[in-house]
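Here is how names work: the chains are called A, B, and so on, in the same order as the sequence lines, proteins then strands, and each is numbered from 1.
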2 protein chains.
Amino acid sequence: MNLLARSTDYAVRAILFMAQDPDQVTSTAELESELGLPRPFMRKTLQTLQKSGYLDSVKGNKGGFTLNRLPSAIRVFDLMTIFQGHISLGECLFKKELCSCVKSCPLRKEVKKMELGLLERLKKLTIADLMKDQKAGI
Amino acid sequence: MNLLARSTDYAVRAILFMAQDPDQVTSTAELESELGLPRPFMRKTLQTLQKSGYLDSVKGNKGGFTLNRLPSAIRVFDLMTIFQGHISLGECLFKKELCSCVKSCPLRKEVKKMELGLLERLKKLTIADLMKDQKAGI
DNA sequence: GACAAATGATACCACGATGGTATCATTAAG
DNA sequence: CTTAATGATACCATCGTGGTATCATTTGTC
Ligand code: FES
Ligand code: FES
């Protein structure tokens, strides 16, 4: 079980890279060699980010993408939502329908409580925070 | 994305039911009608619980299962581990191999921190706690 | 203008996890 | 002996996800 999908992770790393110097056009090829990620998948990911308004695109030769927002304005939580859909740990749904027995499930209630704490923290986390972490070493 | 698998949830609910009066033999059929869960799947779940040492089984006609431990000694976390394998939100693994880029992933570090808090709480949660919740109404 | 290199859009594939079913043998109560 | 249960195990269907491929379009460079 994993909280983060690869797509989300790739997106974060691409954005982190581009945030190093914004306004510069970065191509998929560049990201591939720089981060070692599979090109076609990266491409799809970037296209999604563009459609969602996080990146501007430059078509044609020497084209690529540029970052559209301030790192502090990009919440990891939002990226997760884009790539993984609605984030919820405690909604027992199956085939897109809510489980009929939610009401008699004390476990759900507890998990919901924990979820709340987690989401609180996730929603506060931005790309800017990650950049700080990066600079701090590791 | 879901923290709890259905199998875990079913297991918890079955155990909760049996904990109401322990020492009584409960059959799959009973659980099916009582909780409205699909019988064959329930069966599989109970067998797993028996193999893991949480239930004793009585074979033959009028057979079934009996609870083997005190509710306070059954951690939800352990049940999750049984039915869903190793619980971890922040280990980016794929095809059972760790992602090569973990070290350059500041995101992982943050998620790991959040995971810690969540697991702390999960490990503290026992069936006995859920029984208390249940009695308290909802 | 031709070519190369990029994105836009979209369809497709492969794999694994999970929910769920089915079957046959064995055991034991009535 | 029949019936109702578990033990063991194999099987199936669906879905989410990681990943690929294709074709059209755009644009800088020679
Ligand atoms: S099985 Fe869905 S809420 Fe419990
Ligand atoms: S992609 Fe695996 S750790 Fe980042």
Side-chain angles (χ1 to χ4, degrees), chain A residues 1-11 13-14 24-33 36-53 55-66 80 82-88 92-97 99-101, chain B residues 1-11 14 24-33 36-66 80 82-88 92-97 99-101:
Chain A
M1 100 124 281
N2 214 342
L3 186 63
L4 291 148
R6 281 210 154 193
S7 40
T8 310
D9 196 88
Y10 288 178
R13 294 176 57 191
Q24 176 170 337
V25 177
T26 309
S27 72
T28 309
E30 210 170 334
L31 283 173
E32 182 194 21
S33 63
L37 311 180
R39 166 121 56 145
F41 192 39
M42 194 73 236
R43 225 167 97 70
K44 188 161 69 168
T45 306
L46 293 175
Q47 283 192 32
T48 306
L49 283 174
Q50 186 267 335
K51 275 186 206 150
S52 314
L55 302 179
D56 287 327
S57 72
V58 181
K59 289 173 80 173
N61 196 349
K62 304 266 172 185
F65 299 90
T66 59
M80 289 178 67
I82 289 172
F83 288 100
Q84 304 170 227
H86 180 224
I87 301 296
S88 163
C92 173
L93 27 79
F94 182 62
K95 295 191 185 181
K96 276 141 197 163
E97 288 170 28
C99 176
S100 61
C101 42
Chain B
M1 101 124 281
N2 213 343
L3 185 64
L4 291 150
R6 281 209 154 195
S7 39
T8 310
D9 197 88
Y10 287 179
Q24 175 170 339
V25 177
T26 310
S27 71
T28 310
E30 209 171 333
L31 283 173
E32 182 194 19
S33 65
L37 311 180
R39 164 123 58 145
F41 192 39
M42 195 70 237
R43 225 167 96 69
K44 187 160 69 170
T45 305
L46 293 176
Q47 283 192 32
T48 305
L49 284 174
Q50 186 266 336
K51 275 185 205 153
S52 313
Y54 288 85
L55 302 180
D56 287 326
S57 72
V58 180
K59 291 173 79 173
N61 197 350
K62 305 266 174 185
F65 299 89
T66 58
M80 289 178 66
I82 288 172
F83 288 99
Q84 303 170 229
H86 180 222
I87 300 297
S88 163
C92 173
L93 27 80
F94 181 62
K95 295 192 187 180
K96 278 142 198 164
E97 287 169 29
C99 176
S100 61
C101 43

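- Listed pair A/S7 / D/dT17 fails the phosphate criterion, with no side-chain N or O lying under 4.0 Å from OP1 or OP2.
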I'd like a table of donor-acceptor pairs (distance under 3.5 Å, sequence neighbours excluded) in which one partner is a side-chain atom from residues 49-63 of chain B, with atom names and distances.
{"residue": "B/S52", "atom": "OG", "partner": "B/T48", "partner atom": "O", "Å": "2.7"}

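- Between B/R6 atom CZ and C/dA17 atom C1' the separation is 15 Å, expressed in whole Å.
- Note: CE (A/M80) to P (D/dT17) measures 11 Å, nearest angstrom.
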Dump the intermediate steps for side chain to side chain contact (heavy atoms under 4.5 Å, CB included) on A/L31 and A/L46, then the final yes or no. CA-CA 10 Å; A/L31 283 173; A/L46 293 175; 3.7 Å; yes

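- The nearest whole Å value for the distance from the CE atom in B/M42 to the P atom in D/dA5 is 15 Å.
- With rounding to whole Å, B/F41 atom CZ is found 6 Å from C/dG20 atom P.
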If you apply the rule side chain to side chain contact (heavy atoms under 4.5 Å, CB included), what do you find for B/T45 with B/L37, and how did you get there? CA-CA 11 Å; B/T45 305; B/L37 311 180; over 6 Å; no

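- Taking the screw axis at each terminus of the helix from C/dG1-D/dC30 to C/dG30-D/dC1 from five consecutive base pairs, the angle between the two is 10° to within rounding of 10 degrees.
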Letter per nucleotide, 5' to 3', of nucleotides 5-11 of chain C [B base touched, S only sugar-phosphate touched, - untouched; heavy atoms, 4.0 Å]: BSBBB--

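- Neither OP1 nor OP2 of C/dG19 sits under 4.0 Å from any side-chain N or O of B/Y10.
- For A/T28, the side chain to side chain donor-acceptor pair (under 3.5 Å) test picks out no residue, with sequence neighbours left out.
- Of all heavy-atom pairs spanning A/M80 and A/L3, the tightest one is CE-O, 3.4 Å.
- Rounded to an integer number of Å, the gap from CG of A/N2 to P of C/dT18 is 12 Å.
- Here B/F41 pairs with B/Y10 under the ring pair (Phe, Tyr, Trp, His ring centres under 6.0 Å) rule; sequence neighbours left out.
- Look at CG on A/L4: it is 14 Å from C1' on D/dT17, rounded to the nearest Å.
- With sequence neighbours excluded, the residues forming a side-chain contact (heavy atoms from CB on, under 4.5 Å) with B/Q47 are B/R43, listed by chain and number.
- At the heavy-atom level, A/P40 lies under 4.0 Å from base atoms of the strands shown.
- Atom NE2 in B/H86 sits about 20 Å away from atom P in C/dG16, given to the nearest Å.
- B/E30 is linked by a salt bridge (charged side-chain N to carboxylate O under 4.0 Å, His left out) to nothing, counting only residues two or more places apart in sequence or in another chain.
- Rounded to a whole Å, the CG atom of B/L3 is 15 Å from the C1' atom of C/dT18.
- Contacts of B/S7 classified as side chain to side chain donor-acceptor pair (under 3.5 Å), with partners at least two apart in sequence or in another chain: none.
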